[in-house]
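We count ligands from 1, going down the list as the structure has it; atoms in each ligand are counted the same way. Just so you know, these numbers come straight off a predicted model, no measurement behind them.
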Amino acid sequence: MKALIIYLSVHHNNTEKVARVLAKALDADLLKVREADAAILKQYDLIGFGSGIYFGRHHKSLLNFVETLPVLKNKAAFIFSTSGLRKIQFIHNFDKPLKEKLKRKGFDIIGQFSCKGYDTYGALKVVGGINKERPNAQDLKQAEDFARGLHDKRTSSYTMNNYQA
Ligand SMILES: Cc1cc2nc3c(=O)[nH]c(=O)nc-3n(C[C@H](O)[C@H](O)[C@H](O)COP(=O)(O)O)c2cc1C
């Protein structure tokens, strides 16, 4: 199984830390969104898509990139993110827009990973931000476990979130 990870990490490189751990555990190639295109994706069986969460969804550049893709066949995908706030169903369900786009492009989504990331957006800056040091060693260990699980659970979807304080 050939794996690729496409990511974007612009605020504090939080998601990049996760992307690197996932890539190592999966022996996957790692590309920033601007380095990827549809032709490259065709060479892979499993593709991970990740970024920080911005205004309740993955970064616009990642969502726009997925929008440019043709409908692809026989591709498995997983998604990942770091965020200031935890995922909350209906209120802050930030995986949904990316998942729906990927499904429309024919991907079989086999897993989702998210954890906290250091956040100094807006007024948070005044108090020094929230989630300092996140993702931390425990988050990255969970990301590694998640990636190893992807290898085993190729056929069933599973979710791992790490939002412990
Ligand atoms: C402009 C902006 C908007 C953000 N919006 C959200 C949000 O809606 N929900 C959330 O949980 N975190 C939000 N965050 C926090 C980021 O998701 C968090 O810091 C993330 O770890 C950044 O990842 P990165 O360093 O890989 O870009 C926002 C941060 C910025 C700068």
Which of Ile53, Val18, Asn14 passes side chain to side chain contact (heavy atoms under 4.5 Å, CB included) with Ser81? Answer is Ile53
Residue and atom name of the nearest protein heavy atom (relative to atom 25 (O) of ligand 1), distance in Å to one decimal: His12 N, 2.7 Å
What about the rings of Phe80 and Phe113, do their centers lie closer together than 6.0 Å? no
What protein heavy atom is closest to atom 3 (C) of ligand 1, reported as residue, atom name and distance in Å? Tyr54 CD2, 3.7 Å
Under 4.0 Å from any heavy atom of Leu85, which atoms of ligand 1 are there? 10 (C), 11 (O)
Closest to atom 5 (N) of ligand 1 among protein heavy atoms sits Phe55 N, 3.1 Å
Is there a heavy atom in Lys116 that sits closer than 4.0 Å to ligand 1? no
Polar side chain donor-acceptor pair, Tyr118 to Glu133, under 3.5 angstrom: no
Among Gly117, Gly129, Pro135, Gly84, closest by heavy atom to atom 12 (N) of ligand 1 is Gly84
Could you work out, for atom 17 (O) of ligand 1, the closest of Ile53, Ile130, Val10 by heavy-atom distance? Ile53
If you look at every heavy atom in His12 and Lys17, which pair is closest and at what distance? O-NZ, 4.3 Å
Judging by distance only, is a nitrogen or oxygen of Ser51 under 3.5 angstrom from one on ligand 1? no
Would you mind checking which non-hydrogen protein atom is closest to atom 23 (O) of ligand 1, with the distance to 0.1 Å? Thr82 OG1, 3.2 Å
Is the shortest side-chain N to carboxylate O distance from Lys87 to Asp95 below 4.0 Å? yes
Any idea which atoms of ligand 1 are less than 4.0 Å away from a heavy-atom of Asn13? 25 (O)
Heavy atoms only, cut-off 4.0 Å: how does Tyr118 contact ligand 1, side chain, backbone, both, or neither? backbone
Any atoms of ligand 1 less than 4.0 Å from a non-hydrogen atom of Gly56? List them with their elements. 7 (C), 8 (O)
One finds that the ligand 1 atoms under 4.0 Å from a non-hydrogen atom of His92 are 7 (C), 8 (O), 9 (N), 10 (C), 11 (O)
Check: Tyr44 and Asp29 side chains under 4.5 Å, non-hydrogen atoms: yes
For Thr15 against Ser51, the heavy-atom pair lying closest together: OG1-C, 3.3 Å
If you take the centroid of each ring, where Trp contributes its six-membered ring, are Phe49 and Phe78 closer together than 6.0 Å? no
Does this structure show an ion pair linking Asp108 with Lys75, if we count only N-O contacts that are shorter than 4.0 Å? no
